[in-house]
Structures are given as C-alpha cells and as structure tokens.
*Asks:* 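This is the structure I have questions about; it appears just below.
First the proteins, then the strands, lettered A, B, ... as listed; each starts at 1. Remember, predicted model here, so these are calculated numbers, not experimental data.
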Amino acid sequence: MSSSGAVRVRIAPSPTGYFHVGTARMAIHNFLFARATGGTFGLRIEDTDVDRSRQEFVDVILEGLTWLGIRWDEGPVYQSERQGLYAPYVEQLLNNGRAYRCVCTPEDLAREREEARARKQDWKYSGRCRGLSDDEIRRLGAEGRPAAVRLAVTNEGETAFDDLIGGTFRRRNEDIGDFVIARSDGRALYNFAVVVDDHLMEISHVIRGNDHINNTYKQVLLYQALEWDIPQFAHAPLILRPDKSKVSKRKGDPSVIDYRDQGYLSDALLNFLCLLGWSPGDNREIFSLEELIAIFQLERVSQSNPILDPIKLEWMNGEYIRQIPVPDLAGQVRPFVVQAGLAAESEMVSRAAWFERVVAQLQERCKTLVEFSAAGAFFFRAPSEYDVKGVEKHFSKPGVSDRLRRLAEAWNKTVDFESETIGATMRALAEKDGTKLAVYIHPARLALTGATAGPGLFELAALLGREECLARLQHAASAIDSGLGT
RNA sequence: GUCCCUAUCGUCUAGCCCGGUCUAGGACACCGCCCUUUCACGGCGGCAGCACGGGUUCGAAUCCCGUUGGGGACGCCA
C-alpha cells in the first residue's frame, strides 16, 4: 500500500489494436473499486515493446473506455516514455548484488530450453552467468557479447502473496529462476517496468487478470529486492469463449468496439461484463453504474473462469433497450438506421418526432440497436416482397384482394388517420362481413409490412400515414390478382 | 511435460469460510400455459446441477486426501 493509505489503482493495457473484453472487465473492476473507495483510477499504456505498439492501437483503447463510460483520473501514462526511470533501479540492484549481468546468447538460451523440454521440465535459466566477475563481463562485452540483467533469485524457500480474490498464492523459488529484468540494449522488461511504475505511481491495489499470476511472483521478488512496499493484489479469472478457450482476436471474438458497432448499449455491456464471474449475493442482475459502485466487491469475484454467453448478453441488452426513455433510445438507434441506408441523416432530423414513435413501437421487439433497421425497414420503404409463408396463409384465400381494396376505400374516408379510427374502421368492416377481425388484420399487415409479425397494425398504419397505406394496399391487391398466392 | 489456479443445472451464479434451515435458490436458453390483431413484452409453470473416489462426522454441496476434467504460465513479449 502507498504510504498515504489512499486507494490508487490502474489499468495497464498493452496496445495491440484490439480492445479485449477481458481488458474492459478489468478496467471496470478497477474503476468501480476506485469509485467505491474514493480512490484514484489511472491509465497506463504498456508499450515497452516498441515493435508492436502504435498510437492508433492506443486510440482504440481510449475510445472503448470512453464509450463504456469509464473515466480515468490520471494518464494515460506511456511506459515507453519512462525508460529513463528504470535504469537507476537496475543499477541499484546490480550494485547491491541482487542482480547480475548475463551474456548468454539467444542461442544458448534456446538450447537450454530445448534440453528442459527433453527432460519434460519447466524451463528456467541455469544461472550460468551468476558467478561471472565484472572483469569477465567487460572482456566478453569487448568481444561483442552484450549483457542483459537478471535478478538473482534464491533457491531457498518460496514466494507468496495474499490475493483479494484468490486467497494465498505460493510458489517455490527454485521453480522461478533468475529472470531478465533489462534487455542487453538497456531497456527494462515488462516485469521490472511494472514494478517500478506501480511503485512510483503509488499504486495500492493491482487488480488484473489471472494470466499474470506467474508474473506476480516475480514482481513480489522485485519489490522485496528493491525494499519497497508490496501492493495488494487481486487476480480475476480470465473470460473464456463458449468452447472454453481464451477469448481472442484471432478466433474472431468481438472486441468492445465490435459490440458497440453491433448495437449493444454501453451500460448493458458494462453491466454484463461486471456480472460475469461476480454476483452481489442476492438475485439481482441489472444494475446502474451507481448501484455497481455501491455493491461491487472484489472479494466476491468467483475464482473459476467464466464463459461469455453471447445469448445472455443479448438478453441483457434487450432489458436495457426496454428500460431507457424513448427519446434516448431513438438517438442511439438513429446512426444505425442511417448506416443501414434507410434514411439520410437530414431526414432523420426533420422527422425526429415521427421516428421516436417508430422506435417506441419497436422498442420491446429488439435486443440490439442494429435490429431496429431490419425490424423497422417497412417504415421507410414499401416491402419489396412478401413473406412466403404469409402469402400462403393470408393472400391465397378467395376475396382477399377485394377485402384489401374495401379496406383502402374505408381508410380513405376516415376523418383522421390515427390508430383508433384505423382500428374502428377495420372492426366495422369485419362486423359488416360477419367475419373475425383477423380476416382483415393479417392480410393488411402482410400488405403493409411484407411480414407476418411486427408492431400493432393500427399503430404502424398510423405511422405510415394514409397515403402510403392506401398505396401499399392497392399494390398488394394487384399483386394478388396477378397470381401471387395461387 | 513442469509449475500455478480452479471444479454447483448446457451457460452465468447463490449457498461453501462458521457442516444440519438445501427434497440445492435465482438468471439466460429451452418447453408448456395465460395475456393477445401477429410478433414481442409481461405473468405462471416445467426441464436441468453439487465431476468422481475415499475419508472425517450422528449428519457433507459445505471440512480433509486423491483422481479426473478445465484454465493459465513457462520469452532479452506484454
């Protein structure tokens, strides 16, 4: 813990060009923890691997966090800009004998690794260079053999740490081995940079993925060698795909940005990711950000790997879609409708009130924002074809085209064209015919929307407007007379 | 392979620390019924699980050991 006792956490993603849902989940955990404790949440970009890091990849992460509503209080701090900070501490360790220079070549190490594999053992460095004197190092350096720096790890005892999520973790030191903390070109390596940065940033709690546990032992060793306070750790299990393997870009798993583009609401995704592998203990599942801040507890994060179930995410997104006020929802759906080519942005602006009514009709029928375009396309353009099963069922009965024409005639004569009058007209027609209302409704729906399912007929007809409805009714009647449905 | 972690319905989980209240609760999905102009929403009901084997105990989902399964880490990557 930092000397002040204040909670300071951070998320430290490496910019790989993909905003992993696991990264998002850890960001959420850190963020909630900071908010709940009045602490500080920082963002640090782990880009010491200059070959793989690019600004545009960083931008993806910032964009994703911002979209999710996760605000960071400090940073982004770029590790690549902090190289100068690490060198003195490497030097310190070298001087007090806790670290040593290693002149093994990549080939030497590859050979060691192969031998270990042949013996079916975990590879760890032999410690061959540990006894080399400064003179020898200098001589080998003159021969063109640059030296990396390794931490000297004792073979005695074990390294252990208490984890807020996983309890006590321990590992024998002899299984860890002397690991590299600085490359032969002088640049610090991940494990070293993390420890120095976390110390300098006074990080009190390191909340990260399970995949770092074996790094944590090394980092604890480093804290001890540097004689620094060790932060509190919390390692959350990794999110798995339905096939139980790691979520990955290569396998085509959606990134946070992908979920956004597929029409998921940021609040829903945040809620879902937070609930994945965590439960408040009661049976609630839907939480606002404020509620999450109040009730989220790291200690209650489960210790086994959760599988991301896209179906449940979809359900939760539907819950959010149904929950939010129509004007908000309409605003979120709008870009998707424009994207789908149903209407121009300018048209959406001029018909904003009408569009809100459309969205209200679709609200409880869509689970993602993209679905609105498919489910509501008929609001923007006449159906180009009629559902085949629907045609068989509703357009093939004798007298259908006649009924559609009589409906058009009746609709043409009403004083206004609102859902009440539309419905009343149809009921009157059905009554006069001595038939059920359904006899009019189903063919009319098919004629107006091209589909057999959708919003209430009276409501959608009103939104379509009298003129458009009459045209679609006539068109369907003609199509039926021309042989459609027979 | 070695090391580390882990194990409740198909999936997410509650319960486990402090054994009896668990004929194991909730959610998603699925099935049925109701509501209903269709679909959806909503309501009601159903299906389905303590991985296995040993202990400990009057009693174990809960404690201990082992087996098996799953995941992660084994880089001069992060």
*Asks:* Under 4.0 Å between any heavy atoms, over every strand shown, what does A/C104 touch: base, sugar-phosphate, or nothing? Just pick one.
*Replies:* base
*Asks:* For B/C41, does the base pair up with any side-chain atom of A/R322 as donor and acceptor (N or O, under 3.5 Å, distance only)?
*Replies:* no
*Asks:* With heavy atoms under 4.0 Å as the rule, sort A/Q323 into base, sugar-phosphate or nothing.
*Replies:* nothing
*Asks:* Could you let me know what B/G1 is paired to, Watson-Crick or G-U wobble, both distances under 3.5 Å, or none if it's on its own?
*Replies:*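 Base partner found: B/C74.
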*Asks:* Over all strands shown, is A/R284 touching base, sugar-phosphate only, or nothing at heavy-atom distances under 4.0 angstrom?
*Replies:* nothing
*Asks:* What does A/T452 touch in the nucleic acid at a heavy-atom separation under 4.0 angstrom: a base, only the sugar-phosphate, or nothing?
*Replies:*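 Counting heavy atoms under 4.0 Å across all strands, the contact made by A/T452 includes a base.
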*Asks:* Quick check for you: among B/A78, B/A29, B/G70, whose closest atom lies nearest to any side-chain atom of A/K244?
*Replies:*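 Of B/A78, B/A29, B/G70, B/G70 is nearest to the side chain of A/K244.
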*Asks:* If we call it a pair only when both distances are under 3.5 Å in a Watson-Crick or G-U wobble match, what pairs with B/G10?
*Replies:* B/C28
*Asks:* Between B/C4, B/C28, B/G26, spot the one nearest the side chain of A/E285, thanks.
*Replies:*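 Closest of the options to the side chain of A/E285: B/G26.
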*Asks:* May I ask which nucleotide in the shown strands pairs with B/G53, Watson-Crick or G-U wobble, both distances under 3.5 Å?
*Replies:* B/C65
*Asks:* For atom P, what is the distance between B/U8 and B/C52, given to the nearest Å?
*Replies:*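 Going atom to atom, P in each nucleotide, I get 11 Å.
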*Asks:* Would you say the base of B/A78 and the side-chain of A/D47 have a donor-acceptor pair closer than 3.5 Å?
*Replies:*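 No, no donor-acceptor pair under 3.5 Å.
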*Asks:* For B/A60, give its Watson-Crick or G-U wobble partner with both distances under 3.5 Å, or none.
*Replies:*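 Result: none.
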*Asks:* Rounded to the Å, how far apart are A/K124 NZ and B/C4 P?
*Replies:* 13 Å
*Asks:* Can you give me the closest heavy-atom contact between A/L463 and A/Q361, atom names plus distance?
*Replies:* CD1-CG, 3.7 Å
*Asks:* Reckon A/R300 has a side-chain N or O less than 4.0 Å from the OP1 or OP2 of B/C17?
*Replies:* no
*Asks:* Between B/C76, B/U13, B/U11, which nucleotide has the shortest distance from any of its atoms to the side chain of A/P306?
*Replies:* B/U13
*Asks:* Take atom CG of A/D433 and atom C1' of B/U37, then tell me their distance rounded to the nearest Å.
*Replies:* 16 Å
*Asks:* So A/G456, base contact, sugar-phosphate only, or nothing? Heavy-atom distance under 4.0 Å.
*Replies:*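 It contacts base atoms.
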*Asks:* For nucleotides B/A24 and B/U2, find the distance between their P atoms and express it as a whole number of Å.
*Replies:*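 It comes out at 40 Å once rounded to the nearest Å.
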*Asks:* Taking the P atom of each, how far is B/U62 from B/A51, in whole Å?
*Replies:* 8 Å
*Asks:* Determine the interatomic distance between C1' on B/C3 and the same-named atom on B/G49; round to the nearest Å.
*Replies:* 32 Å
*Asks:* Pick the nucleotide of RNA chain B nearest each of A/D185 and A/I441; which residue has the one closer to the 5' end?
*Replies:*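 Its nucleotide being nearer the 5' end, the pick is A/I441.
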*Asks:* Report the distance from atom CG of A/D309 to atom C1' of B/C9, rounded to the nearest whole Å.
*Replies:* 14 Å
*Asks:* With a 4.5 Å limit on heavy-atom distance, are the side chains of A/R171 and A/T159 in contact?
*Replies:* no
*Asks:* When you check the phosphate oxygens OP1 and OP2 of B/A78, does a side-chain N or O of A/R44 lie under 4.0 Å from one of them?
*Replies:* no
*Asks:* Classify A/S302 by what it touches in the nucleic acid, base, sugar-phosphate, or nothing, heavy-atom distance under 4.0 Å.
*Replies:* sugar-phosphate
*Asks:* Return the value, rounded to whole Å, for the distance between atom CG of A/D175 and atom P of B/C4.
*Replies:*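 My rounded result for the distance is 7 Å.
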*Asks:* Under 6.0 Å between ring centres: does that hold for A/F161 and A/Y217?
*Replies:*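 Yes: the rings meet the under 6.0 Å criterion.
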*Asks:* When all nucleic acid strands are considered with a 4.0 Å heavy-atom cut-off, which category describes A/L457: base, sugar-phosphate, or nothing?
*Replies:* base
*Asks:* Taking only side-chain N and O atoms of A/R113, does any of them lie within less than 4.0 angstrom of OP1 or OP2 on B/G75?
*Replies:*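 Indeed, a polar side-chain atom of A/R113 lies that close.
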*Asks:* Could you measure between the two P atoms, the one in B/C9 and the one in B/C50, and give it in whole Å?
*Replies:* 7 Å
*Asks:* Expressed as a whole number of Å, how far does the P atom of B/C16 sit from that of B/U23?
*Replies:* 16 Å
*Asks:* Side chain of A/L109, heavy atoms from C-beta onward: which of B/G15, B/C76, B/U13 has the nearest atom to it?
*Replies:*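 So the nucleotide nearest the side chain must be B/C76.
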*Asks:* Side chain of A/K246 only, heavy atoms from C-beta on: which candidate in B/G42, B/A73, B/A78 is closest?
*Replies:* B/A73
*Asks:* So what does A/P455 touch, heavy atoms closer than 4.0 Å: a base, only the sugar-phosphate, or nothing?
*Replies:* base
*Asks:* Are the side chain of A/N317 and the backbone N or O of A/E314 linked by a donor-acceptor pair below 3.5 Å?
*Replies:*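 A pair under 3.5 Å: no.
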*Asks:* Using whole Å, what does the distance between atom P of nucleotide B/C12 and atom CG of A/L308 come to?
*Replies:*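 Answer to the nearest Å: 10 Å.
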*Asks:* Okay, side chain of A/R466, backbone of A/W411: is any donor-acceptor separation there less than 3.5 Å?
*Replies:*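 Checked: pair present.
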*Asks:* I need the minimum non-hydrogen distance between A/A24 and A/L68, along with the two atoms involved.
*Replies:* CB-CD1, 4.0 Å
*Asks:* To the side chain of A/K312, which of B/A7, B/C39, B/C28 is closest?
*Replies:*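 Nearest to the side-chain atoms of A/K312, counting from C-beta on, is B/C28.
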*Asks:* Could you give the CD1-to-C1' distance, from A/I11 to B/A78, as a whole number of Å?
*Replies:* 13 Å
*Asks:* What nucleotide, of B/G71, B/U38, B/C4, holds the atom closest to the side chain of A/A453?
*Replies:*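 Nearest to the side-chain atoms of A/A453, counting from C-beta on, is B/U38.
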*Asks:* Which is true for A/G454 with a 4.0 Å heavy-atom rule: it touches a base, it touches only sugar-phosphate, or it touches nothing?
*Replies:* base
*Asks:* Assuming nearest nucleotide by heavy-atom distance, tell me which of A/R445 and A/R171 is located more 5' along RNA chain B.
*Replies:*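 Nearest nucleotide further toward 5': that of A/R171.
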*Asks:* Going through the distances and angles, do A/D47 and A/S80 end up as a side chain to side chain donor-acceptor pair (under 3.5 Å)?
*Replies:* CA-CA 6 Å; A/D47 57 350; A/S80 58; 2.8 Å; yes
*Asks:* Taking atom C1' in both B/A60 and B/G53, compute the distance separating them and give it to the nearest angstrom.
*Replies:* 15 Å
*Asks:* Within this structure, what is the CD-to-P distance between A/Q361 and B/C41, rounded to whole angstrom?
*Replies:*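 Between P of B/C41 and CD of A/Q361: 15 Å.
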*Asks:* Using a heavy-atom cut-off of under 4.0 Å over every strand shown, decide if A/F169 touches base, sugar-phosphate, or nothing.
*Replies:* sugar-phosphate
*Asks:* Closer than 4.0 Å, any side-chain N/O of A/Q303 to the OP1 or OP2 of B/C5?
*Replies:* no
*Asks:* For residues A/A447 and A/F395, report the shortest heavy-atom separation together with the two atoms involved.
*Replies:*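 Residues A/A447 and A/F395, closest heavy atoms: N-CZ, 3.8 Å.
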*Asks:* Checking the side chain of A/D163 only, and the main-chain atoms of A/F169 only, is there a donor and an acceptor separated by less than 3.5 Å?
*Replies:* no
*Asks:* Taking all atoms of both residues into account, what is the closest heavy-atom pair of A/V301 and A/P237, and its distance?
*Replies:*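 Result for this residue pair: CG1-CD, 4.2 Å.
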*Asks:* Choose from B/G72, B/U37, B/A78 the nucleotide whose nearest atom is closest to any side-chain atom of A/H442.
*Replies:*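 Closest of the options to the side chain of A/H442: B/U37.
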*Asks:* Between A/Y217 (OH) and B/U2 (P), how many Å, whole number?
*Replies:* 17 Å
*Asks:* Determine the Euclidean distance between corresponding C1' atoms of B/G25 and B/A14; express it in Å to zero decimal places.
*Replies:*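 The same atom, C1', in both gives a distance of 6 Å.
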*Asks:* Looking at every strand, decide which applies to A/N191 at a 4.0 Å heavy-atom threshold: base, sugar-phosphate, or nothing.
*Replies:*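 Result for A/N191 = nothing.
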*Asks:* For A/S279, report the nucleic acid contact type (base, sugar-phosphate, nothing); a contact means any heavy atom under 4.0 Å.
*Replies:* sugar-phosphate
